[in-house]
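This report concerns only the one structure given below.
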Amino acid sequence: MREIRLRFPPSPTGYLHIGGARTALYNWLYAKKHGGKLILRIEDTDGDRSTKESIDGIIEGLEWLGIDFDEGPYFQTDFEADHVKAAQLLLDKGAAYKCFCTKEELDEKREAALATKGSLGYDRTCRHLTPEIVREKEAAGIPFVIRFKVPERTGMLGYDDEILGRIQSDYKEVDDFVIVRSNGKPLYLLCNVVDDIRDRISHIIRGQDHMTNTLKQVLLYEALEAPLPVFAHMPLTLDNKKAKISKRSHGEIVAVQFYRDNGFLPWALNNFLALLGWSAGNDQEFFTREELIAQFSLDRINKSSAIFNFKKDDPKFITDPKAIYINEHYLRTMEVEQLGELVRAELEAEGLWNDSYARDRKTWYLNTLDLIRDRFHTLKDFTSLGRAYFADDFVVDEKPLNKNVLKFEGLKEWLPELANRYEQLSDFTVEETERVARELAEELNIKPGVLINSMRTLATGQLAGPSMFDILVTIGQDKIVERLRNVHKYFA
RNA sequence: GUCCCCAUCGUCUAGUCAGGUCCAGGACAUCGCCCUUUCACGGCGACAACACCGGUUCGAAUCCGGUUGGGGACGCCA
């Protein structure tokens, strides 16, 4: 039985986007599930557009997601000799030919074809050039590309797709595609196949945008006398206007890095991406790494494309609401110790980290995270919405300030009085703080909520939060007393 | 334009291959109610889809044909 080997072959012309990440993930899942190997191959044969930054970004993105590789990264340009050799072999056996048509000629023909509603393929002008003419043109120094000679057969050219079923097309529909540029550099269609053959790739899982390439590459495998891998063409990810997701037209919101920078948990993004085009067949939507590997299968991948449902500049959702939902789920259910590590990085970045959180105050630190995480959407919320738990320089939101504080003039006296009473408490507990607050409310003949909600605002800066008395105890007696006494600052 | 692929709630999807248990199930989003010191979580509920037309069949979301719609490809990019 053939070894299971898959590859993820990004071209380093930009950052890793979610479509690419999803492709990598599906390949990774399949490899893991079947005890196969996953290979990272950087397809950098487009010298003009490939960049080092892009390579680094892609590798970083994959690392962040936790998609690891068994081999690579290999660089396609390191194997140019293989590609050239293959091209020569095809030329020698008459499976390819030299084409002397100039770019300008081809552009004209293409435009003419477009105008007369014909098909846009190459008209095979140079396919039947005699050896003499070819020699003459070469001697004259006319540049040429090498084209693959699509066999003239009557049947259908096709392959069996693991997701889509039988895909086929008439041989006549397939272009004599270019495999080597006029500068001697081989092109994607050829390089890709040569590398996949050399790397003994058994399964190719890629986007449906490659379907027509696959038809051509099937011909290449045949001409190169190599066994055909299994093909599986995944549905594409579209935007909410149903256009293919691309780095160019969608910007950072489709970049994996965007999710890292906006406080997403790597596994949450993987989980979301896995569900974009695949389902377990039941109602399960949260998967551990092991569960996903165990349950993943090609035949449960959808045929139709999926919409990545984000809206630019949506005030409520920075990205697809379901992605956020999944992130929230993991945020509040993951091991708090593990969460502590992730939040630590956020606090450190904001200069809010205190080493005691890892030592004598560790219990306090983890309990605090556990207390506040239920209301948060991303890791970023711990240092923004949750800043008051770790620092004194938090901002008091205007909305709760108006609603819960400024609306009640009396708070100018009430809160300092409450602060005095809290200062006297020898055991600053949930029960005691609540008893004292309610007592004071009764004495003043006001609703407890007035005190409670104004305290929340002054103590955390936020409109919403955990149970107030949990907050008091968590933030601590001294700070609470101070924050309550500061109430006068807001009645300017 | 040509070729290829696809078609279930706004979105992700189950159900389609092996037609009846589906006047279509779940999740997100939205709205309402409950819980409550706030908000969230949670619970309960509402809204909401088989693109259309034919055919096959006792019976079709499921099979077949067509139409329409959507996407992709058509590079000396990958």
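Just so it is clear, the model here is predicted, and its values are computed rather than measured. All chains are named by letter (A, B, ...) in the order of the sequence lines, taking the proteins before the strands, and each is independently numbered beginning at 1.
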Quiz item: Which of these nucleotides, B:U13, B:A78, B:U11, is closest to any side-chain atom of A:N309?
Solution: B:U11
Quiz item: Which part of the nucleic acid, if any, lies within contact of A:V178, taking any heavy atom under 4.0 Å across all strands shown: a base, the sugar-phosphate backbone alone, or nothing?
Solution: sugar-phosphate
Quiz item: Considering only side-chain heavy atoms of A:L164, which listed nucleotide, B:C6, B:G26, B:C76, is closest?
Solution: B:C6
Quiz prompt | Sugar-phosphate, base or nothing in reach of A:P235, heavy atoms under 4.0 Å | solution = nothing
Exercise. Classify the nucleic acid contact of A:S182 as base, sugar-phosphate or nothing, counting any heavy atom under 4.0 Å across all strands shown.
Key: base
Exercise. Answer with base, sugar-phosphate or nothing: what part of the nucleic acid does A:N213 contact at a heavy-atom distance below 4.0 Å?
Key: base
Exercise. Return yes when atom CD of A:E442 has more than 12 non-hydrogen atoms of other residues, nucleotides or ligands closer than 6.0 Å, and no otherwise.
Key: no
Quiz item: Can A:R421 and A:E417 be counted as an ion pair, charged N to O under 4.0 angstrom?
Solution: yes
Practice problem: Measure from the ring center of A:Y330 to the ring center of A:F264 and say whether it is less than 6.0 Å. | Solution: no
Quiz item: Picking from B:G71, B:U38, B:C76, which would you name as closest to the side chain of A:K103?
Solution: B:C76
Quiz item: So what does A:F469 touch, heavy atoms closer than 4.0 Å: a base, only the sugar-phosphate, or nothing?
Solution: base
Quiz item: Checking all strands, does A:K316 fall into the base, sugar-phosphate, or nothing category for heavy-atom contacts under 4.0 angstrom?
Solution: sugar-phosphate
Quiz item: What does A:R110 touch in the nucleic acid at a heavy-atom separation under 4.0 angstrom: a base, only the sugar-phosphate, or nothing?
Solution: sugar-phosphate
Quiz item: A:G207 near the nucleic acid: base, sugar-phosphate alone, or nothing, with a heavy-atom cut-off under 4.0 Å?
Solution: nothing
Quiz item: Taking atom P in both B:C22 and B:G32, what distance in whole Å separates the two?
Solution: 32 Å
Practice problem: Could you check which nucleotide pairs with B:C50 in any of the strands shown, counting Watson-Crick or G-U wobble with both distances under 3.5 Å? | Solution: none
Quiz item: Starting at CG of A:L187 and ending at P of B:C74, how long is that distance when rounded to a whole Å?
Solution: 12 Å
Exercise. Give A:R300 one of three labels, base, sugar-phosphate or nothing, depending on what nucleic acid heavy atoms sit under 4.0 Å from its own.
Key: sugar-phosphate
Quiz item: Is there a Watson-Crick or G-U wobble partner for B:C77 with both distances under 3.5 Å, and which nucleotide is it?
Solution: none
Quiz item: Just by distance, do the side chain of A:N327 and the backbone of A:L265 share a donor-acceptor pair under 3.5 Å?
Solution: yes
Quiz prompt | Among B:G72, B:G75, B:C4, the one nearest A:K244 by side-chain distance | solution = B:G72
Quiz item: Nearest of B:A78, B:C76, B:G72 to any side-chain atom of A:V145?
Solution: B:C76
Practice problem: Would you mind telling me which of A:V145, A:L189, A:N213 makes a side-chain contact (heavy atoms from CB on, under 4.5 Å) with A:F177? | Solution: A:L189
Self-check item: Given B:A78, B:U37, B:C4, the nucleotide with the shortest approach to the side chain of A:I167
Solution: B:C4
Practice problem: Using Watson-Crick or G-U wobble geometry with both distances below 3.5 Å, tell me the partner of B:A7, or none. | Solution: B:U68
Quiz item: Which part of the nucleic acid, if any, lies within contact of A:P321, taking any heavy atom under 4.0 Å across all strands shown: a base, the sugar-phosphate backbone alone, or nothing?
Solution: sugar-phosphate
